[in-house]
Structures are given as structure tokens and as C-alpha cells.
Amino acid sequence: MSRLAKFDVVSIEDLETSDIERVFALADGFAAQLERGEQITTAAGLIMATLFYEPSTRTRLSFESSMHRLGGAVISSADMHASSAAKGESLADTVRVVAGYADLIVLRHPHDGAARVAAEYAPCPVLNAGDGSREHPTQTLCDLYILRKKKGHLKGLTVALCGDLKFGRTVHSLIYALARFGANIVAVPTSGMDVPDYVLERLAAERNYSFSTVTMDELKSLAGGLDALYLTPSAPHQMALFTDDGELRKFPAAEPPAALDAFYVTRLQKERMSGKEAGLAEYVRFDARALRTSRTQEAVVMHPLPRLGELAYELDADPRAVYFEQAAAGVPVRMALIALLMEKAAGASAGQRPTAGAIRFKAEPPPRCSNLNCVTRFEGAYLAPRFTLGRGTDATVLALKCGFCERELKIEYVGHARSHRYYRFDENLQGYVRQWIEEGSLAVFDSVKQAEEAGYEPYRRGPQREIMNEEEVVRAIESLADQVIADVHDMPGVSIVGVVSRGAMLALRLRDLIGAKTGVLPPCASLDAYQPADGLHPIDGTENFNVEDRTIILADDVINSGWTVQRAMATIWQRGRPAAVKLAVLIDRGHRAVPIRPNYVGKNIPTSRGERVQVRLAAAGTESKSHDRVMIYSIVEPLKEPEAAH
Amino acid sequence: MSAAANVALDAAQLGRSLKRIAMEIAEHNGGADNIVLVGIVRRGATLAERIADELRANGRREVPVGTLDISSYRDDGKGLPGDPRLIGRDIPFSLDAKRVVLVDDVLYTGRTVRAALDAISDLGRAESVQLAVLVDRGERELPIRADYVGKNVQVPHGQRIYVRLTEIDGADAVVVGNANAK
């Protein structure tokens, strides 16, 4: 039996409050033993593997030192990109292989949610040493440990978090933890570096906890009641507080005496920013004078290190500068965490809280996480996107939370698989959606078009009327073919791509007409704008369909917002670089939301937004075109009690 | 600059064009406060800042400005111009439910705009994307059109269009000249 529990610490939330208190108690004990120079053999015979997919010497050394101090051994790969990852090995495979060499994996990874993936695939426990811009739970444990050690308690402290609150993963973990321990938070973000909404939403929903966000000016008036300042380097306007001499005496004299307990200064997460953000990032310069005022007498200065320029060296001699102590505490705290896993293996309470079950979606493809840095975007070969019901603060969309990076995705259209009806989401549907999730009959869609292509009907529709009959549709398609022939001079260089399903039928009809009129039959393929991974499929019996240097006629039945055309072009571009793309649509109904204009239009039909245009086309090659027609109808928004749920 | 160079827009005309584009953006989007500007690096980004200044001068509230960096040519030296692709972005705000006005200096084949649309659709659910360009020189290869155009300029074969902006080039002008003119 393993001496370590399969207990993963991916987020600070994986630890119960009692776990954290136990870690602190164990850390106090280890710190005392280390102080006395005692040799510790608690983890003798155990091996820790440190896998660092991005550099962090400090965190890695701290973990490795902890294991050595506990009497265990360490195997290490400081630069994963130089080894297996460079050969294209998946994260899941790497951790399963490494778990054969070690009892415990410590992972640092640049993608959001990577630690969750590692934890799920590795048979041994995984400790998250930072994943993307998300959490860094052991750093948070060290922050809390030193704050508690210096102040004696956490409850009731007021902590101001300043500067980069967007990318600083230590800040996010610290926010959750401070909220849990009953400390007060004041956020003072640098412009554009606010605490992300998903952090605020989670606090509000899980702890009914909120905090105010203030500007630096407002902070001046608040500073009187602060217990701690968590500072991160910030933009120039925030430096105003520390201008001239970096002193805090600019606070209005009439303010009550400050009870600042700590300053927490962090390094800018420059590697997570794009050019402009990094350019903004003038560093706060924090020096001894900031501690001289009555308001800051009790303040300790914390910093996760390394410092770049934000802490003056003169500060080092001040007993309130605790950042080296804080760094040193990383060893007993991490020793304590490993010891906790051993205690959990020995005790009966080893079990980790199960994670909530993911929603099974009826419609393919399942939604994709909107976070570009989510691990599912990189490890997609084996990771199926996974979502649970999110909290959502906007009642007009269904919020789904990514099971890996926890970012919330906003869904506008939902469908009920049994009745094959779709609805524009609103809060009245909330209860039904939960029911559909339980039944496994929830479908989600990006748009009405996607829902209809999947065979779903609007929940209710108004009366239909025919706006184009067979003859008019036939004439419009002929007109499209004539427009193409008149416009394109090099017909052998033309290929046609139709958007499934009716765009593809239109494509074949155009091909036949062009063939009959010019003697050249252009190759024809279809694509599904909602299944970009499927690519292009020849639909005219040809083997290969090329886009490189071809003039592509992109055919669709109706153009509305234009987003489908954007998706369709993206799919074409995955295959190559066409010489040109010309857009042919049977009907342009207006309401464009992107700067796209068709080159060839069969008929312009002005519509209102609530209306749908439905095209029926006879298959190419059939003599009778009696299926050809265009209907228009209005969509009635869902009422309070959708019949589909009965 | 060769003697054959033609000034398509002088500094005053360029300034007026931007004012008019800003006015049209404000008009077209009514009372909507959910406009954001996204400029295409490099001159599109400068123009986006100027349009934001104009909107602010017209009493609208601060309009967020982001940038997309889209390279026009492959850097692998394989000869033929490749298709533009995204090489960087700086959009430190959410695009969800926003009306995004994409800003570039010259609209030509439409390939840069197509790459920009992909980048924007990857970043969230924008309500709409509108396109503002200082110059539309025609000769589109893709079905892209601009919502706001400073000036339509025909460029004779073998000539190029040069957009000069004070922030980058020391003066404002749009000039048509020989491709190899400095």
C-alpha cells in the first residue's frame, strides 16, 4: 500500500480548512526541528518527481529541498520542453510514465487546468506548482502561513491587493483563501489588470463574499483601516502614491490611524502579457520610508520573490521585511504538505472530495472552452471538453464552467434532445435545463443556424409563408451561375465549396449549371461550419479537393450575420491558401454582424430579426425541382413553460 | 518619394476623414455604450487611438482600444507572400456582447481582415464586428467589405499606397507612388 494518499492539491480549494490548519501545525514542528538541526526521516524511501514545463527555479528548489529535508529523494526535470514534451508526448502520458518512477509528482505547467489533467491521469498524488494563470496553492499556503505567524491570526485582517490582479496566480489563490479565513480584501488593480470576473463570480457564489475595487486615490482614504497591503507592480498612475520618495504620507492626515499589517509586493507576470501590457508595467518602487508613517508601523512587507525592482535593498535590514523568512517558510510548509499526504494515507479519512459530474451533451460537437490558454486547447487529442453548470451572472445566457480551467462559457441557444426543439436561453429555462442535464438530453448551440442544421426546430414558430416558389428559386440559382460565369475568367481554376447542408446542395446545382453553360465542371466539396475539424469533403465523386491557389466559390443558402461565412473560411484556410474566395448566396436577408459581403446574390429579402428564412432545395441532378421553395416564419421566444419539458 | 507620387489625402483631409469615421461610428451605433476599438498593428492601431480620441472629444465615454498584430508575410523566406496570420494580440478587456470596430489603414485583398475576424471570434462572443479603414483600394480577393471608409483610392498597377501618420512617420498623408520609391 502506498505511503502517500492519492490526494491531489491542484487548487487551494482541494484542502479543507482543517487540512490547512494541520499543515500549519506540522510546519511549525518541522521549522523547529530544522532550527535545532535535527535529521528528519519521515519520508525516507519516497521519491518526488518535479516536472517543470516552464522555469521556476525557486519553487522547484523549495519543493526539492523539502523532500530532501524529509529524508526522501528527488528526481527532476527542470526543463520539460527540452525532453519528452518536445517530442510531442502528451501530458497524460508523461505523468503516467513518471508515476512509475516516483511516489509524488510536482507539476509546473503554462496551460490553465494542466494540473487537473495531470492529477486525473497520474496514479500518484500531484501537487500543483502553478498552472498557467490559475492557481499556485503551495505559494498560497506559504503566504497564509507567514501572515498568520506574523499577525497571530487571519480572521478579520484587512488586506489590500494592488497592481496586477489579473495574471498573478498567487493573488487568485490568496483571494480565495483570505475569503475562506474571514479576512477582508480591498482590490486596487492597475488599469486593465482587474481581478477576473470568474474569480469574483466564484467568491460571490461559493462564499457570498465580495470586496470593493478601488482606485489608488480612493485607497488613500481607505488606508486608515487596512491591515495589509498586497502590492504588485503597477502602471504609472498608481505610482503616484509612492511618488517622490515612495512614502505613504500622502494619505490625508485626517484619516484614522492605519493598522497596516502587511505589504505584499509581487513581481509582474511579464511572461503572461502581450506587448502593450508589459509596456505599461512600470514597477512600484517600495522602500523603507513607506514603513515610517504611523499608519504603517505594524506593517510587514511580503513578496513571493524574485523581486525585480519593486523592493529597495535598503528595506532588507528592516525587521518588518519578511520576504526572506516567507521564502524560507516554503520548505517547512511544503514538508508539512507532503507529511499531510502521508497522514492521509495512514488514516481513514484519505478520500478526496469527488469532482462534480460533467454534463453529457446531446449535440455534437460539444462546446469548446473559450479560454485560449485552457489545457483542452492543447491536449485536445485525448481530452474531451468537460463542463458543469456555471453560475452565470447574466440571466440571458446559460453559463457552463470548464471542468479544467474553470472559465465560464456563455451559451445562447439550448435544445431539448427528445423533442428536438431549441430555445433562446433565458432564466425561465434554468429549471428545465437542469432537468434536461439530468436526463442527458441537453443540447447547446452557438446559433439558430447550428440548431437547425442539427435538425432542431424552434420551440414555437409563427405562421409560415412562402416567399419564393419553385420557379423563383430555379431562376435565382440560374442567376447565381450567370453571375459567377460573368465574373470569373478562369473557370478551370474554380472550385466550389458548399456549407452543409443546403449550401452544399446549392453548390452541386451551381456546378451542374456552370458545367452546362461553360463545359467546365468545377470540383465540389462541402464543409460543416460547426465541425471545423472535419474539414472539406468532396461531394462530386472526385478523390482530392485542393484549395491552394484555387478560386473558391463559397456557396450557402442564406446569409444573415455572416459568422457562418467566417467559420467556413477558417475551415478552408486550414487546408491552404486559396487565390480568392467569392461568396455566392441564394438569399441575403440582411442583419450582417461582420464585415462580409457576398459577391453573388440570388435574391435580397429584407427580414426582421425575429424571422427565420428556410430554404428547401431539390437535389442536384433530379429533373423535378418541385422541392424548391423558400419559406419565412417568425420565431416566438420561449414562454415561461416550454411544452417540451412536460 | 518619386516625382510621380500623388497625394490621395493630405494632413487636413486625413484628419477630416477620421473625424467623419468617428462620427459615423457614433451615429451607426446609436446610444450604444458597448463599442470597443481593435486596431491592426501598426498604423491601424494608431488610427484606432485617434478614433477613440475623436469619440471622446464628441462627449462619448472612454472607448477601450485593443490591438491585433497580424503579419502579412511568411518569415520563412520561401518566396511567395503567405497568408496573414495572427502573431500577437493585446485586448485586455472582454469582447462578450461588445460591438467591435476593427480599424486598419488600408483595405486591399481582405486577407488581413479575415485573419482578424478569426482572432476576434476566438476571443469571445462579440455582438458584431464592424470595419473602419482609412483607405479602400479595392481589388478584393475575399468577400470582405468595410463599414466605414475614409477614401476610396485607385492604385495603378505597379504602384503602392503609403499611409503616413505623425506618430510613426512624422507627418500625416496618404500617398500613391512607385513601389520602389522611398
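All chains are named by letter (A, B, ...) in the order of the sequence lines, taking the proteins before the strands, and each is independently numbered beginning at 1.
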**Q.** Closest approach of P110(A) to N373(A) (non-hydrogen atoms, all atoms of both residues)
**A.**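 So the two residues come closest at O-ND2, 3.1 Å.
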Q: Identify the two heavy atoms, one from A173(B) and one from L14(B), that lie closest to each other, and give their separation to 0.1 Å.
A: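 Minimum heavy-atom contact is N-CD1, 3.8 Å.
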Q | H591(A) side-chain N/O to T607(A) backbone N/O, donor-acceptor pair under 3.5 Å | A |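 Here the side-chain-to-backbone pair exists.
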(Q) Are L134(B) and R50(B) packed together at the side-chain level, in the sense that at least one heavy-atom pair is separated by less than 4.5 angstrom? (A)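 Not touching, per the 4.5 Å side-chain cut-off.
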Counting only heavy atoms closer than 4.5 Å, note whether [X] contacts chain A via side chain, backbone, both or neither.
X       : answer
L123(B) : side chain
D147(B) : side chain
D96(B)  : side chain
R145(B) : both

Chain B contact via [X] - side chain, backbone, both or neither, heavy atoms under 4.5 Å:
X       : answer
I596(A) : both
R368(A) : side chain
R377(A) : side chain
D446(A) : both

(Q) Just to verify, what does R16(B) make a side chain to side chain contact (heavy atoms under 4.5 Å, CB included) with, not counting sequence neighbours? (A)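 For R16(B) the side chain to side chain contact (heavy atoms under 4.5 Å, CB included) partners, ignoring immediate neighbours, are A12(B), Q13(B).
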Q: Could you have a look at V565(A), N599(A), L583(A), V594(A) and say which one has the most heavy-atom pairs with chain B under 4.5 angstrom?
A: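 Highest number of pairs under 4.5 Å: V594(A).
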Q) Would you call the rings of F445(A) and Y422(A) parallel, tilted or perpendicular if under 30° counts as parallel and over 60° as perpendicular? A)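 Aromatic pair F445(A)/Y422(A) classed perpendicular.
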Pick whichever of [options] has the most heavy-atom pairs under 4.5 Å with chain A.
options                   : value
A146(B), A97(B), S128(B)  : S128(B)
L131(B), L117(B), I120(B) : L117(B)
Q130(B), E127(B), R125(B) : R125(B)

Q: Using a strict cut-off of less than 4.0 Å between a Lys/Arg side-chain nitrogen and an Asp/Glu carboxylate oxygen, indicate whether R89(B) and D122(B) qualify as a salt bridge.
A: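 Salt bridge absent between R89(B) and D122(B).
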Q) Take atom CZ in R597(A); do more than 12 heavy atoms of anything else shown fall under 6.0 Å from it? A)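 Result for CZ/R597(A): open.
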